[in-house]
Structures are given as C-alpha cells and as structure tokens.
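Here's the structure, in structure tokens; my notes come after.
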2 protein chains.
Amino acid sequence: MTNAGKRVLIVDDEAPIREMIAVALEMAGYECLEAENVQDAHSLVVDQRPDMILLDWMLPGVSGIEFARRLKREEATAELPIIMLTAKGEEENKVQGLESGADDYITKPFSPRELVARLKAVLRRATPPGVEETIEVNGLILDPVCHRVMAHDKAVDVGPTEYRLLQFFMTHQERAYSRSQLLDQVWGGNVYVEERTVDVHIRRLRKALGQSHEQLIQTVRGTGYRFSTKAS
Amino acid sequence: MTNAGKRVLIVDDEAPIREMIAVALEMAGYECLEAENVQDAHSLVVDQRPDMILLDWMLPGVSGIEFARRLKREEATAELPIIMLTAKGEEENKVQGLESGADDYITKPFSPRELVARLKAVLRRATPPGVEETIEVNGLILDPVCHRVMAHDKAVDVGPTEYRLLQFFMTHQERAYSRSQLLDQVWGGNVYVEERTVDVHIRRLRKALGQSHEQLIQTVRGTGYRFSTKAS
DNA sequence: AACACTTGTCACATACCTGTAACATCTCAC
DNA sequence: GTGAGATGTTACAGGTATGTGACAAGTGTT
C-alpha cells in the first residue's frame with residue numbers, strides 16, 4: 001500500500017549480500033537501487049533520489065558512517081532515512097552509528113523479515129502527514145482527520161473510493177472534470193479502468209449523499225462532472 | 001452537547017468582523033471573548049482560559065502566525081485549538097499557517113454556518129484530557145491512576161496492550177488512525193511488528209469491552225480505526 | 001518444573017468494495 | 001417523433017480488507 005513503490009538504495013561492497021537484500025525488498029514491493037561504494041551511492045542519491053538508504057558500515061575507501069554524516073550535513077539529503085548495516089559483534093559501534101544520523105541500525109546476519117519490518121517502521125516515521133483541513137459546503141462536511149463525511153451532523157457512510165472522489169470534488173469545486181481526469185486524479189494515473197466506472201462511483205456517491213446533497217454533483221453532458229453549490 | 005458553553009476567543013483587529021463572528025457563535029451556543037490585538041489576546045488566554053481561539057492572520061504589531069507559534073511553544077497553552085482566519089488570495093500562506101500549529105484554516109469571506117461547522121469539528125477532536133485524569137465515555141471509564149477500566153461500574157479485564165490502546169483512543173477520540181500510526185503511538189516507535197497485529201488487539205479490546213461498548217471502536221475501511229461516540 | 005498470562009503471527013472465514021456488463025432512461029439533432 | 005449517443009441504474013463475480021480463533025514462544029510466578 002503506502003510503501004509500495006518506495007525506492008531503496010542498497011550500499012554494500014559485497015555483491016551477494018546486495019543481491020539477497022534486493023530480492024527480499026523486491027518481494028516486499030520495494031524498488032531497489034544498488035551501489036558498491038560511496039561514490040556510486042552519492043551519484044545515485046543525487047540522480048535517482050531514493051526514499052531511503054541501507055548503508056553498510058564497512059566500506060572500502062570512505063566508510064559508511066562517514067557517508068551518513070555527509071548526507072545528514074547536506075540540506076538536500078538531510079531528511080533521507082538511513083538504516084545502518086553492521087556485522088555481528090560490533091555492538092560498541094552502535095552508538096556511534098546512530099550518532100552519525102542513522103535512523104536505525106541492524107546487525108548481520110538478519111532475517112529478510114526483520115529487515116523489511118524495520119524498513120517499514122523507518123519509512124513510516126519519515127513520512128510526514130499531509131495538510132488536513134475540514135471542508136464544509138452547504139452543511140456537508142468532509143473531515144480528513146476523522147476520515148469522515150457528515151451531512152447536517154449525521155454521518156454519511158461512503159466507501160473508500162467515494163470518499164476520495166468527494167474529497168477531490170470538494171477541494172476542486174465549480175470546475176468540470178472529464179472522466180479520464182477523474183481517473184487520473186482520484187484513482188491515480190497508472191490504473192486502467194473503464195471510463196464508465198466513474199459514472200458508477202458518481203452514482204454511489206450521490207446515493208450516499210442523499211437527496212439533501214446529491215445535487216452538488218452535477219452532470220456536464222458530453223464532458224464529465226462538476227461539484228458546484230450553484231444550481232445547474 | 002459537549003460543545004455547549006465552550007468559550008471561544010476571537011482575535012481580530014476589525015471590530016465589525018469580531019462582532020459578526022461573535023453573534024454567529026453565540027447563536028450556536030458558544031460564549032465569546034474578544035481581543036483586537038495580541039497583547040489583549042494573551043491576557044485573556046491566561047486569565048480566562050478559553051477553549052479555543054479564532055485568530056486573524058493579519059494583526060497590527062505581532063502577527064497572528066507569530067502568536068500561534070508562541071502559544072504552541074508554551075506548555076500551558078500548547079493544546080489550545082486554533083483556527084486561523086485569513087483573507088482570500090493568501091493561499092500561499094496556508095502551509096505556513098498550518099505549520100505554525102493552527103488546527104484549521106478558514107478563508108474570508110466565510111458563511112457563519114461554515115465557521116460553526118469547522119469550529120465544531122476542531123473542538124470535537126481536540127479535547128485531550130490530562131494523563132492523570134479519568135476519562136468517561138458512555139459509561140465506559142478509564143482510570144489512569146488505578147490503571148483500570150470500568151464499563152457501567154463493572155470492571156473490565158484488559159491486557160496491558162489493550163489498556164494502552166484504549167487509553168490512546170480515549171484521549172484521541174473521533175480521529176482516524178492508521179495501523180502504522182497506532183503502532184507508533186501505542187507500541188512505541190521502535191518496535192517491528194506486523195500491521196495486522198493491530199487488528200488482533202483491536203479484536204481483543206472489542207471483545208473485552210463487550211456488546212455495550214465495542215461499537216465505540218470503529219473500523220475505517222482502507223484506513224484504520226477510530227474511537228467515536230457517534231454512530232458510523 | 002508447572003502454571004498463568006501475554007503477545008505476535010498465521011490461517012481461515014467473512015464482509016465489504018470494485019469494476020464491468022447489461023439494460024433503462026434521458027437528451028439532443030434531425 | 002425518432003434514433004443515436006450519453007448517462008443513470010442495477011446486478012454480480014471476483015478481489016481485497018478485516019474479523020476471528022488457535023497456537024507457539026516468551027515472561028514471570030509459584
């Protein structure tokens with residue numbers, strides 16, 4: 001779900017280990033980038049902008065810890081979550097590792113499951129919540145924080161897609177959208193669904209809103225739909 | 001209901017606007033305090049301890065945003081809900097406004113109805129009792145001091161995790177939380193457990209609460225869970 | 001060591017949501 | 001009015017999210 005498609009940069013000088021990690025992460029739905037030294041890693045960070053880094057402690061040339069510090073110093077990369085990888089028995093370095101700015105720390109050998117779990121946890125913490133405002137129109141209230149829709153103080157029961165649809169409409173009032181625009185905006189660009197599917201969800205949303213508010217969603221014949229407080 | 005008699009502090013330098021807002025709110029059953037600058041506002045906050053603040057963006061002297069930041073910084077007032085008022089076309093300030101700690105944001109001109117709706121929404125979800133205070137909802141009582149849960153004067157037997165979960169929910173009512181957020185908030189940030197584990201503990205908690213109260217914990221499909229006294 | 005209790009995970013059951021098709025109804029040009 | 005295209009409406013099969021019970025491992029107690 002929310003973690004799907006996140007890009008993880010794996011930095012380790014041993015190819016088999018990189019490979020193992022990459023396989024584990026890809027099975028979990030992540031996209032992987034790989035680098036075997038700090039120079040390559042840095043190019044990839046700048047170039048590909050991954051969502052997080054798995055960084056081996058021991059690296060030829062510049063050490064992992066050095067690299068982590070550098071990333072944290074630079075404005076553009078300071079927020080990049082880093083998980084440090086280290087061999088067993090280097091416990092005493094832990095503190096140093098975390099002080100270098102790493103967000104977590106994992107000891108080899110580790111199970112793929114543990115790796116994925118930690119990675120999720122770190123990503124979760126690093127993703128700041130979006131702006132959450134309450135929107136009100138003619139007694140119809142959409143409250144993103146409570147993830148709820150109310151019509152004249154009565155809860156309206158809408159499914160996930162209808163909720164997103166309504167949220168989009170309420171944040172983009174008075175303007176007409178074609179079915180394909182709605183598919184892009186509400187469903188997300190990379191899905192393939194019939195345009196008529198939009199009609200069905202519009203219908204479901206109207207039904208859920210009930211007589212009192214269904215006329216807010218207006219049909220623009222030959223074009224699509226529009227959310228408007230003005231009668232058509 | 002719970003909103004009756006709440007005291008709202010209106011901070012705006014234009015008297016007519018303050019008056020208009022005050023009338024609207026009083027009709028809706030709120031009690032109003034008024035201030036035309038930050039100095040007066042601050043005195044009133046300290047002195048009268050209002051339940052929330054309607055704060056104009058543009059103020060002579062110290063700006064509204066500055067004031068909001070100050071309030072959020074101070075321990076005693078950090079929890080005070082704030083709704084920012086701003087003139088149309090200052091959209092670009094929106095993010096800044098919310099970052100300053102405002103809980104919502106409303107653009108002039110607005111209808112009294114809209115204002116009241118938002119105010120309700122903000123108040124509804126922003127009344128977190130102190131840690132040591134017992135919380136009561138529909139005959140369900142959580143007593144942090146005795147570390148105990150009672151349903152209609154009968155002790156409810158819950159495990160440690162379910163207790164923390166319930167406590168979190170009761171101090172953060174009405175708001176929807178994802179499984180990730182619950183893991184962060186209830187389990188603590190540094191644990192690595194499956195998201196579905198949350199479901200299991202929700203189940204255990206519901207079971208422990210019994211028919212009389214289990215509907216307080218609502219499923220928000222596709223998102224997570226919510227503790228709410230209102231039917232879904 | 002046996003026990004009671006808690007916890008995280010799994011496997012299966014169930015409920016709900018989704019996209020599509022098929023048919024009904026509407027609108028407009030002719 | 002008629003027909004073609006657009007939209008409304010319903011039903012349904014399959015997929016996905018959540019509910020639920022069981023279990024093994026861990027912990028602390030007796």
Side-chain angles (χ1 to χ4, degrees), chain A residues 1-4 28-29 111-114 116-118 120-121 147 149 155-167 176-184 186-188 190-211 214-226 232, chain B residues 147 149 155-166 176-184 186-188 190-211 214-226 232:
Chain A
M1 44 159 288
T2 150
N3 287 326
S111 70
R113 153 169 249 156
E114 184 182 1
V116 172
R118 295 216 183 184
K120 259 194 208 168
H147 206 274
V149 181
V156 177
D157 189 35
V158 294
T161 304
E162 284 75 45
Y163 180 87
R164 290 199 310 276
L165 189 55
L166 181 60
Q167 184 171 40
Y177 292 92
S178 70
R179 292 171 175 73
S180 69
Q181 284 177 313
L182 289 171
L183 285 176
D184 278 351
V186 178
W187 273 253
N190 301 14
V191 293
Y192 174 71
V193 283
E194 293 290 325
E195 295 205 338
R196 290 298 315 272
T197 298
V198 174
D199 297 15
V200 177
H201 283 279
I202 290 281
R203 151 75 176 154
R204 287 170 179 156
L205 181 53
R206 281 177 173 156
K207 197 173 179 182
L209 292 183
Q211 273 197 327
E214 65 181 357
Q215 76 284 358
L216 287 170
I217 297 171
Q218 299 165 357
T219 303
V220 185
R221 191 176 173 83
T223 303
Y225 298 93
R226 170 179 54 206
S232 68
Chain B
H147 206 269
V149 181
V156 177
D157 187 37
V158 294
T161 304
E162 284 75 43
Y163 179 86
R164 289 200 310 278
L165 189 55
L166 181 59
Y177 291 94
S178 70
R179 293 169 176 70
S180 286
Q181 289 175 311
L182 289 172
L183 285 176
D184 277 349
V186 177
W187 274 253
N190 296 21
V191 294
Y192 314 104
V193 289
E194 293 290 323
E195 296 203 340
R196 290 294 318 268
T197 298
V198 174
D199 297 12
V200 178
H201 284 277
I202 290 281
R203 152 75 177 154
R204 287 171 179 156
L205 181 52
R206 279 177 173 155
K207 198 171 180 181
L209 292 181
Q211 273 198 326
E214 65 181 356
Q215 77 283 356
L216 287 171
I217 298 171
Q218 299 168 356
T219 303
V220 185
R221 181 162 255 262
T223 301
Y225 298 94
R226 167 178 57 206
S232 67

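Numbers restart at 1 for each chain; the letters A, B, ... are given by sequence-line order, proteins then strands. What you see is a predicted model, and the numbers here were worked out from it, not measured in a lab.
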Next on the checklist: Quick check: do A:R206 and A:T219 have side-chain heavy atoms less than 4.5 Å from each other?
Outcome noted: yes
Next on the checklist: Without decimals, in angstroms, what is the distance between A:E214 CD and D:dT7 C1'?
Outcome noted: 15 Å
Item to check | Footprint string (nucleotides 24-30 of chain D, 5' to 3'): B base within contact, S backbone only, - free, heavy atoms under 4.0 Å | outcome: -------
Checklist entry - Would you call B:T223 and A:Y163 a side-chain contact if the rule is heavy atoms closer than 4.5 Å? => result no
Next on the checklist: From CZ of A:R179 over to P of C:dG19, roughly how many Å is that when rounded to an integer?
Outcome noted: 15 Å
Checklist entry - OP1, OP2 of D:dG8 versus side-chain N and O of A:T219: anything below 4.0 Å? => result yes
Checklist entry - Please give, in whole Å, the distance from C:dT18 P to A:L165 CG? => result 11 Å
Checklist entry - So do A:V158 and A:L205 actually touch side chain to side chain, heavy atoms under 4.5 Å? => result yes
Next on the checklist: Nearest whole Å is fine: how far is C:dA29 C1' from A:R221 CZ?
Outcome noted: 11 Å
Next on the checklist: If I take atom CG in residue B:D199 and atom P in nucleotide C:dA11, what distance separates them, rounded to the nearest angstrom?
Outcome noted: 16 Å
Item to check | Phosphate OP1/OP2 of D:dA17 contacted by B:Y225 side-chain N/O (<4.0 Å) | outcome: no
Item to check | Any B:D184 side-chain heavy atom under 4.5 Å of B:Q181 side chain | outcome: no
Item to check | Nucleotide D:dT9, atom P - distance to NZ of A:K207 in whole Å | outcome: 9 Å
Item to check | Any A:V220 side-chain heavy atom under 4.5 Å of A:Y225 side chain | outcome: no
Checklist entry - Rounded to whole angstroms, how far apart are CD on A:Q218 and C1' on D:dT7? => result 15 Å
Next on the checklist: Each nucleotide in nucleotides 3-10 of chain C should get exactly one letter: B, S or -. Can you fill that in based on protein heavy atoms under 4.0 Å?
Outcome noted: ---SBBBB
Item to check | Verdict with supporting geometry, B:D199 and B:R179, side-chain contact (heavy atoms from CB on, under 4.5 Å) | outcome: CA-CA 8 Å; B:D199 297 12; B:R179 293 169 176 70; 2.7 Å; yes
Item to check | Non-neighbouring partners of A:R204 that pass side chain to side chain contact (heavy atoms under 4.5 Å, CB included), sequence neighbours left out | outcome: A:E162, A:V200, A:H201
Next on the checklist: Is there a side-chain contact (heavy atoms from CB on, under 4.5 Å) between B:L216 and B:L209? Walk through the geometry before answering.
Outcome noted: CA-CA 9 Å; B:L216 287 171; B:L209 292 181; 5.5 Å; no
Checklist entry - Are side-chain N/O atoms of A:S180 and A:S178 paired as donor and acceptor at under 3.5 Å? => result yes
Item to check | Atom-to-atom span, CG of B:L205 to P of D:dT20 - whole angstrom | outcome: 13 Å
